[in-house]
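Values below: all heavy atoms of this structure, side chains included; hydrogens, waters and symmetry mates excluded. No experiment lies behind these values; they were computed from the predicted model shown. To find a chain, count down the sequence lines: A is the first, B the second, and so on, and within it residues start at 1.
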Amino acid sequence: MEWGWGEALKNNQMKDIKDINQKYIDLYTKNKDILHSNSSEFVNQIREKAFGAFQTLGIPTKSNEEYKYTDLSNTFSKDYTNYLNKKCENLNIESIFKCDVINLDADVFYLSKGWYQNTEKIKTYNNGVIIGSLKAVSEKYPDIFNKHYSKYADCTKDGLVALNTSLAQDGLFIYVPKNVKAEKPIQLINLLLDNNDEFSNVRNLFIIEDNAKVDIIFCNDSLTENTFLTNSVTEIFVGENAHLNYHKVQNDHNKSSNISSTFIHQSANSNVESVTISLIGGLIRNNLTVVLDGKGANNNTYGISLADKKQHMDNYSFIHHKEAHCDSAQLFKNILDDSATGAFNGKVLVDRNAQKTNALQSNKNILLANNAKMNTKPQLIIYADDVKCSHGATVGQLDESAMFYMRARGIGKKEAKMLLMYAFAFEIIGKIKVEELRNNIEDLVIRRLNGELGLCKNCSQRVIN
Amino acid sequence: MLKIKNLKASINNKEILKGINLEVKPGEVHAIMGPNGSGKSTLAAVLAGNEVFEVTEGEITYLGEDLLNLSVEKRASKGIFLGFQYPIEIPGVSMVNFMKSAVNEQRKTRGEEPLTASAFLKLMREKKEIVELEAKLTNRSVNEGFSGGEKKKNEIFQMAMLEPKLAILDETDSGLDIDALRIVANGINKLKTKDNATIVITHYQRLLDYIVPDFVHILYNGRIVKTAGKELALELEEKGYDWIKSQID
Ligand SMILES: Nc1ncnc2c1ncn2[C@@H]1O[C@H](COP(=O)(O)OP(=O)(O)O)[C@@H](O)[C@H]1O
Ligand SMILES: [Mg+2]
């Protein structure tokens, strides 16, 4: 009977996901002592709470409305090595791997398997800026740390955040105090360079106090061909009238899964511009939560994903307008080739008292092949009456008339296609404020669209074995 | 240079060109006139190689080669230029990059070295003067935010950059005020040599006050129904298209 088949299948999947969840529950229970011995009492209390939540929530499945386009069961069912104790690296990452975004003068910090790698555990600056290992900072500066840690990434709502909060022990911490303008961009590079398949949880916390200003670049690079699953959570607090330009670059490979949840909490009159560039990855899921929690806050979010082969890239965003006179604008784009799939699931929520809200949400997609597929679901939920909100989505092929026009001028098909794709992508790339980074990304995107691997020119010659 | 024999073309199984015959020799200027919807733009598009139209019968020889076998871009690099009736806007692609790609892709196809950056910029400057194209326009995206007149000037500018052997100008005069018309027509005349040929498609005789055609053809309902010297344009202006229609239908 058909009914019987369906039910059996469903039970099977249920069983699978139960097994998968159990695997991560066991991982925690078996390593609880190690996890606890590595962290402060405060962090461990939250850890316990998160683990409790994970036992109920589990890994999100497609029956979860927010994950309906992304199947995580496959990547979570694989077996990975977990580095719950910091592995003694006999390689000094700082000296081996140097990301030379051409001419970019940045303060660079490295993570591997979620563990902070720079020799200097905590770097303090004359102007009061503190940057360093999340773990080290939680012990040395508990006052600042405890005020913000786990305040923005609610570990009781999303199983992945719960899992991260249960297992994560390290990552990058950035503190920019009141009225300070950070001199250089801060670059965080999370490297996957092991010869083991590995699962890692990265945890970052960035605190930008009132009237402070900083540019942050978060790069994810896979350097070895192993299977990787990264589950990262980044919490960002932005004080009153503070400015943040945030960039995330995902440059992994077909065997990597990169799940990246970002929580941005904005105070009154703060300004955040974020640009996410998803160049390569087997599975990429970006979760973005922005809370506009003070009058006059402004958030601009841009993203572009370039997917081909069987890659899957999903951007989920939730913009919560809690106060009046806030503006938010989102523009997410996808270029999908071969049998790649993309998804955009964006939600804007405007609270009753968030009058004079301006909210824009737009998703534009190009499908280059018949088997490529895009799912898009822009949503507005509005409880205030005096607002300007708009949303929309387009899915299309390259403009045929533009193709003909270019070819009629002698431009070959391939080059014409490149020009159009590049123009499409540039609407996003052009938003990158850090010039050297923008130039480098332009170069990477062109190489990517040309079918070359995404590794930066400098890194591709220096792949570590 | 160009020989069209019994050309038939259709779109979505609807026949638009119903047996066109035309011969163009180097140095000649041909005008094609005719009422709206008679197939003028279709003929231009088929010559340029637009794959939207299906050629069902007939042949086209260009410089001794079977034109129908060549891709759009190949035709362009062999000297065919189509000035569009409705130039396309391409947001995000700058005029400079567009022209640089066009010039260098054509050169590549012909086995020539690409122009150096400075040679290219020099060429741009020279050619812009021919149609008095405002400098700022080449910093914009292709045709984006251009007025109707600017778009038409831009077509002639591109023609000047690419120096075609056979230019097919589809209603380059429509929508131009008298000053712009003069500039565009002068531009076309400046580019004229004894070796290249021009087909001007137009609705009105006024362009032909500036560009003197050797032949005037009247295209009506997919066929060339009348061919004569430049006096035909004047007669048409005087008697209107109904005169042709009444003679044919
Ligand atoms: N893309 C198209 N799809 C369907 N019909 C078309 C298309 N292009 C042109 N036609 C039809 O072909 C006929 C000739 O059009 P066209 O060549 O543009 O005429 P002209 O340039 O002489 O005004 C018209 O009936 C027009 O509707
Ligand atoms: Mg026409």
Inset, instruction - Let me see the working for B/Lys151 and B/Phe84 under side chain to side chain contact (heavy atoms under 4.5 Å, CB included), right down to the final yes or no. - result: CA-CA 9 Å; B/Lys151 282 182 182 166; B/Phe84 282 62; over 6 Å; no

Legend entry - Test: B/Lys108 and B/Glu105 ion pair at under 4.0 Å: yes

Legend entry - Residues in residues 405-413 of chain A that sit under 4.5 Å from chain B, counting heavy atoms only: A/Tyr405, A/Met406, A/Arg407, A/Ala408, A/Arg409, A/Gly410, A/Ile411, A/Gly412, A/Lys413

Inset, instruction - Take A/Thr276 and A/Asn286 through the side chain to side chain donor-acceptor pair (under 3.5 Å) test and state the conclusion after the steps. - result: CA-CA 9 Å; A/Thr276 299; A/Asn286 290 312; 5.3 Å; no

Legend entry - B/Lys40 vs B/His203, side chain to side chain contact (heavy atoms under 4.5 Å, CB included): CA-CA, chis, key distance, verdict: CA-CA 10 Å; B/Lys40 303 183 297 295; B/His203 227 66; 4.2 Å; yes

Legend entry - Result of checking B/Gln158, B/Glu150, B/Lys152 against B/Asn154 for side-chain contact (heavy atoms from CB on, under 4.5 Å): B/Gln158

Inset, instruction - Determine, for B/Lys122 against B/Glu126, whether the closest basic-nitrogen to carboxylate-oxygen distance falls under 4.0 angstrom. - result: yes

Inset, instruction - Quick one: do B/Leu181 and B/Val184 satisfy side chain to side chain contact (heavy atoms under 4.5 Å, CB included)? Show the steps, please. - result: CA-CA 5 Å; B/Leu181 181 71; B/Val184 163; 5.8 Å; no

Legend entry - Candidate list B/Glu59, B/Glu54, B/Glu57, test salt bridge (Lys or Arg N to Asp or Glu O under 4.0 Å), partner B/Lys8, passing option: B/Glu57

Legend entry - Which atoms of B/Asn143 approach chain A - backbone, side chain, both or neither, heavy atom under 4.5 Å: side chain

Inset, instruction - May I ask you to list the residues in residues 326-345 of chain A that approach chain B closer than 4.5 angstrom, counting heavy atoms only, ordered by number? - result: none

Inset, instruction - For a side-chain contact (heavy atoms from CB on, under 4.5 Å) with B/Ser77, tell me which candidate from B/Arg107, B/Glu112, B/Gln106 qualifies. - result: B/Gln106

Legend entry - Under 3.5 Å donor-acceptor, A/Gln250 side chain and A/Gly281 backbone: no

Inset, instruction - Using non-hydrogen atoms and a 4.5 Å limit, figure out which bit of B/Ile90 sits close to chain A: side chain, backbone, both or neither. - result: side chain

Inset, instruction - Would you please say whether a donor-acceptor pair under 3.5 Å links the side chains of A/Glu273 and A/Asn300? - result: yes

Legend entry - Side chain / backbone / both / neither for B/Val142 at chain A, heavy atoms under 4.5 Å: side chain

Legend entry - Structural part of B/Pro164 lying under 4.5 Å from a heavy atom of chain A: neither

Legend entry - Verdict with reasoning, B/Met95 to B/Phe157, per side chain to side chain contact (heavy atoms under 4.5 Å, CB included): CA-CA 11 Å; B/Met95 270 306 294; B/Phe157 162 68; 4.0 Å; yes

Inset, instruction - Determine the option with the most heavy-atom pairs under 4.5 angstrom with chain A, choosing from B/Leu162, B/Asn50, B/Val93, B/Leu82. - result: B/Asn50

Legend entry - Largest heavy-atom contact set with chain A, pairs under 4.5 Å, which of B/Ser141, B/Ser94, B/Ala48, B/Ala102: B/Ala102

